[in-house]
Amino acid sequence: MKNKRNTSSYYIDGILEGDKFVLSKAITLVESSLKDDIQLSIRILRGVSSQAKSSKRIGITGVPGVGKSTFIESFGTYLIGQGKKIAVLAIDPSSNLSGGSILGDKTRMNSLSRNEQAFIRPSPTRNTLGGVTNHTRENILLCEAAGYDTIIVETVGVGQSETLVRGMVDFFLLLMLPGAGDDLQGIKKGIMEMADGILINKADGQNLQKAKQAMTDYKNALHLFSKASSGWSPQVKICSALENTGIEQAWGMIADHHQLMSENGSLDKLRKEQNLAWFKEQIAHTLIGHIFANDENLRARNQLEQEVLSGKLSPKEAIVQLTEQLFGQDSFKSQK
Ligand code: GDP
């Protein structure tokens with residue numbers, strides 16, 4: 001008898017019923033690099049995609065210690081109180097580089113992770129950042145099919161993961177600390193430009209005044225950026241994830257953005273553009289993987305890498321040689 005775990009309908013039915021166990025298993029398949037798993041995951045994704053409901057996709061970033069997990073716990077619990085279902089997915093570039101994780105997956109968001117209406121999935125490791133983000137995009141679709149109407153993608157404010165997360169969410173939220181507005185807290189200005197909203201956390205106790213001052217500073221700084229074509233002007237708010245204040249206002253900002261973007265067609269446009277960008281990224285990712293899965297091609301590449309390293313060939317000469325070895329002598333000429 002065929003093991004039912006190996007059939008796509010087992011996964012598709014389970015996901016559509018909102019079964020968390022099956023959803024977790026399906027995500028593991030999506031993240032697998034085994035050929036059989038990849039084929040099964042393609043069938044699952046195809047099976048659920050026609051059923052996928054739309055959700056609000058929110059990216060959250062900020063330096064370690066700013067309060068991301070405390071905020072998500074408090075924000076998620078608030079939303080569940082409003083009748084929503086929350087999925088939290090993480091992208092942690094550090095976990096891919098060192099095997100260690102800045103987001104410290106296991107112990108975070110304790111009460112949310114025990115909530116029936118929440119699903120929390122840590123960052124996949126052992127992969128390139130590009131690979132991880134491709135998986136996260138697919139995981140968003142699986143979570144939507146399982147009925148999660150608010151998807152949070154969390155990342156740390158270091159490395160290039162912000163740009164990748166920006167490319168898969170509707171609203172990009174930057175968490176900041178009070179009182180350190182002058183030096184941008186190690187967050188590059190580029191990340192501020194990507195944000196749809198800035199939330200200054202830890203606005204409590206002695207920090208409340210500082211947080212209000214930082215809000216004014218950031219509002220002024222945001223005025224310097226040009227307005228997005230969607231018609232949305234980025235907002236700055238304060239909150240205390242610890243004391244549960246400002247959480248409703250944070251959600252209000254995201255809901256206003258969603259309403260504006262839905263009504264003026266910008267959300268539809270954004271998601272179509274994101275899909276196209278995803279496809280383009282996938283072309284490079286998939287083709288490169290395919291080409292170098294072949295031993296001979298991989299050897300040729302390794303050999304040329306050594307020659308570039310030793311200075312025997314320039315990178316450009318090596319690319320010409322590699323292209324000719326892979327696609328024939330005339331392949332480079334025909335591109336001219
Ligand atoms: P993350 O690394 O960004 O996920 O940050 P955490 O959520 O782990 O929080 C880092 C530290 O800041 C913890 O000790 C939290 O208790 C504390 N913290 C988080 N949010 C607040 C807040 O709103 N106010 C105060 N005073 N402390 C907070």
Side-chain angles (χ1 to χ4, degrees), residues 20 55-90 92 102-122 143 147-157 165 169-181 185 187 192 195-219 222 234-259:
K20 278 193 205 180
S55 72
K56 289 191 179 68
R57 302 172 184 170
I58 306 163
I60 295 184
T61 192
V63 293
V66 69
K68 291 179 295 301
S69 58
T70 315
F71 173 75
I72 293 171
E73 176 116 322
S74 155
F75 184 65
T77 307
Y78 165 77
L79 291 180
I80 288 169
Q82 304 289 307
K84 305 208 176 296
K85 281 185 80 178
I86 318 295
V88 183
L89 307 169
D92 184 349
I102 297 182
L103 289 175
D105 296 322
K106 295 258 156 22
T107 54
R108 305 167 79 243
M109 300 174 236
N110 269 329
S111 81
L112 197 60
S113 60
R114 282 195 301 268
N115 196 305
E116 204 28 58
Q117 303 302 313
F119 176 80
I120 298 181
R121 180 81 181 188
C143 290
Y148 293 92
D149 51 32
T150 311
I151 315 281
I152 294 174
V153 184
E154 178 193 13
T155 189
V156 267
V165 172
V169 297
D170 311 326
F171 191 98
F172 194 59
L173 179 66
L174 175 58
L175 288 194
M176 297 290 247
L177 292 166
Q185 303 168 24
I187 293 248
M192 247 177 91
D196 298 298
I198 293 179
L199 195 55
I200 299 153
N201 188 33
K202 308 198 184 183
D204 45 47
Q206 291 185 333
N207 277 328
L208 184 58
Q209 260 330 99
K210 276 199 226 162
K212 286 182 178 164
Q213 182 57 46
M215 177 162 69
T216 311
D217 293 347
Y218 285 126
K219 277 184 179 166
L222 285 178
Q235 312 253 306
V236 188
K237 307 265 182 211
I238 56 174
C239 78
S240 167
L242 206 61
E243 296 187 354
N244 265 313
T245 55
I247 304 298
E248 193 179 337
Q249 288 75 6
W251 173 247
M253 157 168 80
I254 295 168
D256 285 352
H257 172 267
H258 193 85
Q259 189 178 357

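Judged by distance alone, with hydrogens and angles left aside, the side-chain atoms of E73 form a donor-acceptor pair with the main-chain N or O of S111 at under 3.5 Å. In this structure, the side chain of K68 engages the main chain of G62 through a donor-acceptor pair within 3.5 Å.
Side-chain contact between T61 and V165 is absent, with no heavy atoms from C-beta onward closer than 4.5 Å. Residues I254 and F75 are in side-chain contact: their nearest non-hydrogen atoms beyond the backbone lie under 4.5 Å apart. Here the side chains of L173 and F71 are in contact, with some heavy-atom distance below 4.5 Å.
Contact detail for L112 and G76: the closest heavy-atom pair is CD1-C, 3.8 Å. Annotation for V169 and R57: closest pair CB-O, 3.5 Å, computed over non-hydrogen atoms. For the residue pair I198 and M176, the shortest heavy atom distance occurs at CG2-CG, 3.8 Å.
With sequence neighbours left out, T150 forms a side-chain contact (heavy atoms from CB on, under 4.5 Å) with I58, L79, K84, I86, W251.
Classified by interplanar angle (parallel below 30°, tilted 30° to 60°, perpendicular above 60°), the ring pair Y148/F119 is tilted.
Residue-environment remark: CD (Q82) exceeds the threshold of 12 foreign heavy atoms within 6.0 Å.
In this structure, S69 OG and E154 CD are separated by 6.5 Å, a value rounded to the nearest 0.5 Å.
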Could you pull out every donor-acceptor pair under 3.5 Å between side chains of residues 200-211 and any protein atom, sequence neighbours left out?
{"unit_1": "N201", "atom_1": "OD1", "unit_2": "A241", "atom_2": "N", "d": "2.9"}
{"unit_1": "N201", "atom_1": "ND2", "unit_2": "V66", "atom_2": "O", "d": "2.9"}
{"unit_1": "K202", "atom_1": "NZ", "unit_2": "G65", "atom_2": "O", "d": "2.8"}
{"unit_1": "D204", "atom_1": "OD2", "unit_2": "S240", "atom_2": "OG", "d": "2.6"}

